[in-house]
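This one's a predicted model, so the numbers in the text were calculated from it and none came from an experiment. Note on naming: letters A, B, ... go to the chains in the order of the sequence lines (proteins, then strands), and numbering restarts at 1 for each one.
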Amino acid sequence: MRVVTWNVNSLRVRFEHLARWLADHPADVIALQELKLPDPEFPREPIAALGLESVHFGQRTYNGVALLARQPLADVQRGIPGWDDPERRVLAATAGDLRIVDVYVPNGQVVGSEKFAYKLEWLGRLRDYLAGEIARHPRLVVLGDFNIAPADCDVHDPARWEGSVHVSPAERQALGAITALGFADVFRRFPQPLDAWSWWDYRMNSFRRNHGLRIDLILATTALAERCTACRIDRLPRGWERPSDHAPVIADFAD
DNA sequence: ATGGTGGGCAGCCCA
């Protein structure tokens, strides 16, 4: 099973990039974030024309997540059960024998802000939800835009970023509480380049200078992570004309 | 040098 996560920053704008990339990178499951379109405008038919089933949980202007898959998606769950979060950021489904949870973690804006408090609350609620999911689904993958760089090796300039949003101790602790449920960040199970980022700011020529963060993650339950045979970031589409600010992350799992 | 760029919807909000 090949699993992909990609924050497309507007599916309307990036649909052609997605189609072009998928033509060269056949995947079994694709988790998308930041659709930025309401459900009635979701391009279900164009995606079906690519040979992919899809489920989506969108809203106008902001947020929105979708799962695309070669095979049918079952037991679809929109949002975190029992919490009426006004922002649409979580979508779960079962593809084959994998349970998939697609997440778009809040950005947090500035450490100490209201949005930052929402991010921490949100991560706590995700942890509680995943504690139940992991008990029911031993083969569980949680992937998406976490808006947290797990460690300093995931940051191009740790000194300049120290204490900022995406790297602050509070955020890393909240992520740690999730991985402590029994997940592995599969990217770090393999040798990787020292400068492997998944997001580059649109400003300040960040991509050209390769100033980025690794904030797009694929977490797998520990037993499943041992079946992971590869994980990499494909930075190529970040260099295409009018790109998303995120690159796709790819993981392969043996059957 | 506290900026810069991009998406979405209509002068900002969010990333």
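- For A:L213 and B:dA15, the CG to P distance is 15 Å, given to the nearest whole Å.
- Comparing B:dT5 with B:dC9, their P atoms sit 22 Å apart, to the nearest whole Å.
- Between the NE2 atom of A:H166 and the P atom of B:dA15 there is a distance of 9 Å, rounded to whole Å.
- A side-chain hydrogen bond (donor to acceptor under 3.5 Å, both in side chains) with A:Q33 is found for exactly one of A:N7, A:D145, A:T5, namely A:T5.
- A straight line from CD of A:E114 to P of B:dC13 spans 14 Å, rounded to a whole angstrom.
- If you measure from atom CD of A:E34 to atom C1' of B:dT5, you get 14 Å, rounded to the nearest angstrom.
- When ring centroids are compared, A:W21 and A:W240 stay outside the 6.0 Å threshold.
- Comparing B:dC12 with B:dA1, their P atoms are spaced 29 Å from each other, to the whole Å.
- Counting only heavy atoms from C-beta on, A:N107 has its side chain closest to B:dA15 among B:dA15, B:dG4, B:dG8.
- Here B:dG7 is the nucleotide among B:dG7, B:dG4, B:dA15 with the atom lying nearest to any side-chain atom of A:S10.
- Contact annotation: A:R242 does not reach the phosphate of B:dT5 (side-chain N/O to OP1 or OP2, under 4.0 Å).
- Each of A:N147 and A:T61 lies near DNA chain B, and the nucleotide nearest A:T61 is the one positioned closer to the 5' end.
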- Task: Go through the steps to decide whether A:R189 and A:E226 satisfy the test salt bridge (Lys or Arg N to Asp or Glu O under 4.0 Å), and finish with yes or no.
- Result: CA-CA 9 Å; A:R189 289 180 49 80; A:E226 286 170 18; 5.6 Å; no
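- By the 6.0 Å and 45° rule, A:R89 stacks over the aromatic ring of A:Y104.
- OP1 or OP2 of B:dC9 sits under 4.0 Å from a side-chain N or O of A:R60.
- The CG atom of A:L35 sits 15 Å away from the P atom of B:dA15 (whole-angstrom rounding).
- On the P atoms, B:dA10 is 15 Å away from B:dC14, given to the nearest whole Å.
- Within the structure, a side-chain polar atom (N or O) of A:R89 is placed less than 4.0 Å from OP1 or OP2 of B:dA15.
- With a 6.0 Å radius and a threshold of 12 heavy atoms from other residues, nucleotides or ligands, A:E121 has its CD atom above the threshold.
- Atom CZ in A:F207 sits about 18 Å away from atom P in B:dT5, given to the nearest Å.
- For A:R203, the listed nucleotide lying nearest its side chain is B:dG4; candidates were B:dG4, B:dC9, B:dC14.
- Among the nucleotides B:dG6, B:dG4, B:dG8, the one closest to any side-chain atom of A:Y202 is B:dG6.
- One can place NE2 of A:H246 at 11 Å from P of B:dA15, the figure rounded to the nearest angstrom.
- Nucleotides B:dG7 and B:dG3, compared at atom P, are 22 Å apart to the nearest Å.
- B:dG7 atom P lies 17 Å from atom CD of A:E41, rounded to whole Å.
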